[in-house]
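Report on one structure; see the data block that follows.
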2 protein chains.
Amino acid sequence: MVLLDVLGQRWTLRLLWELSHDTATFRALRSRCDDVSPTVLNQRLKELRGLGLVDLGENGYELTSMGMALAGKFASLDAWANEWAENLEKHDISKD
Amino acid sequence: MVLLDVLGQRWTLRLLWELSHDTATFRALRSRCDDVSPTVLNQRLKELRGLGLVDLGENGYELTSMGMALAGKFASLDAWANEWAENLEKHDISKD
DNA sequence: AAAGTATGCTACTAAATATGTAGCGTCAAT
DNA sequence: ATTGACGCTACATATTTAGTAGCATACTTT
């Protein structure tokens, strides 16, 4: 599945996540993402633009309609993740 | 969002994807994932087990109920991804 | 009992990728 | 003309992954 390979890269998922909340300039996006290095940020943005998921508009980077559709899929994931996180704490996982 | 950081690592998403289709032994899982190096495979499996998403049972590695719930979220993503992929071809993206 | 086979997994080096910092070229406002 | 913000590149360093070999355990076959 192609999409998984694309999303399964550092920052890609996070970028979509951030952009789904609000458009942002290159620099703003950086600081929102723990000051990810501009090298990688630009790499990912290129890919995402190439895939028609992200676009660079007047107000900075933004999701395309397709990008929004995809990000929407993760919105439901958000709710689920919160419950999941709670369960994790309760069961007190000791890992690694 | 914690989950995104976990999933946004190489192979993690792919592993969940593969395991959602069928349980697999360590070695089988490797060959299903383009012969990912055992080093990383084990790393990811440790994490996923620590997070209560994956478990090592009699028949090899398998998703827990929570893991399945999560993977289910991506099932709908699959259908979406296929349409998306078609659109990509139609619009003939030239990227990078 | 010995030998074969499959399991999960570790060790170790080379290659790929990300980080971190500096700064360029462009534009708009002061 | 200087200042500030923009998108983005360069490049050395650090981190992560790939790739291969092999160990320890178990179970089967001979």
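A, B, ... follow the sequence lines: proteins, then strands. Residue 1 opens every chain.
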(message) Applying side chain to side chain contact (heavy atoms under 4.5 Å, CB included), can you list everything that pairs with B:Arg30, at least two apart in sequence or on another chain?
(response) B:Phe26, B:Asp35, B:Val36, B:Pro38, B:Leu41

(request) Could you check whether the rings of B:Trp84 and B:Trp80 sit parallel, tilted or perpendicular, using 30° and 60° as the cut-offs? (result) parallel

(message) How many whole angstroms separate atom CG of B:Leu45 from atom P of C:dT10?
(response) 11 Å

(request) Please examine the side chains of A:Lys46 and A:Gln43, heavy atoms only from C-beta on, and report whether any two atoms are closer than 4.5 Å. (result) no

(request) Would you please name every residue forming a salt bridge (Lys or Arg N to Asp or Glu O under 4.0 Å) with A:Arg14, sequence neighbours left out? (result) A:Glu18, A:Asp34, B:Asp5

(request) Kindly indicate whether the side chain of A:Val54, heavy atoms from C-beta on, has any atom under 4.5 Å from the side chain of A:Leu15. (result) no

(request) Round to a whole Å and report the spacing from CG of A:Asn42 to P of C:dG20. (result) 17 Å

(message) What is the distance, to the nearest angstrom, from the CG atom on B:Asp55 to the C1' atom on C:dG8?
(response) 14 Å

(message) With heavy atoms of chain A within less than 4.0 Å as the criterion, where does contact along DNA chain D begin and end?
(response) D:dC6 to D:dT16

Which donor-acceptor pairs under 3.5 Å do side chains of residues 63-73 of chain B form with protein atoms, sequence neighbours excluded?
from: B:Thr64; atom 1: OG1; to: B:Gly52; atom 2: O; distance (Å): 2.7
from: B:Thr64; atom 1: OG1; to: B:Leu53; atom 2: O; distance (Å): 3.2
from: B:Thr64; atom 1: OG1; to: B:Met66; atom 2: N; distance (Å): 3.3
from: B:Thr64; atom 1: OG1; to: B:Gly67; atom 2: N; distance (Å): 3.0

(request) Scan residues 12-24 of chain A against DNA chain D and write down, sorted by residue number, each residue with any heavy atom closer than 4.0 Å; if none is found, say none. (result) none

(request) Classify the nucleic acid contact of B:Val40 as base, sugar-phosphate or nothing, counting any heavy atom under 4.0 Å across all strands shown. (result) sugar-phosphate

(message) For DNA chain C, which residues of residues 28-39 of chain B approach it to below 4.0 angstrom with any heavy atom?
(response) B:Pro38, B:Thr39

(message) To the nearest 0.5 Å, what is the distance between CZ on B:Arg32 and CG on B:Asp22?
(response) 5.0 Å

(request) With sequence neighbours excluded, tell me which residues meet ring-ring contact (aromatic ring centres under 6.0 Å, His included) with A:Trp11. (result) none

At a cut-off of 3.5 Å, list every protein nitrogen or oxygen paired with a nitrogen or oxygen from nucleotides 14-16 of chain C, distance to 0.1 Å.
none

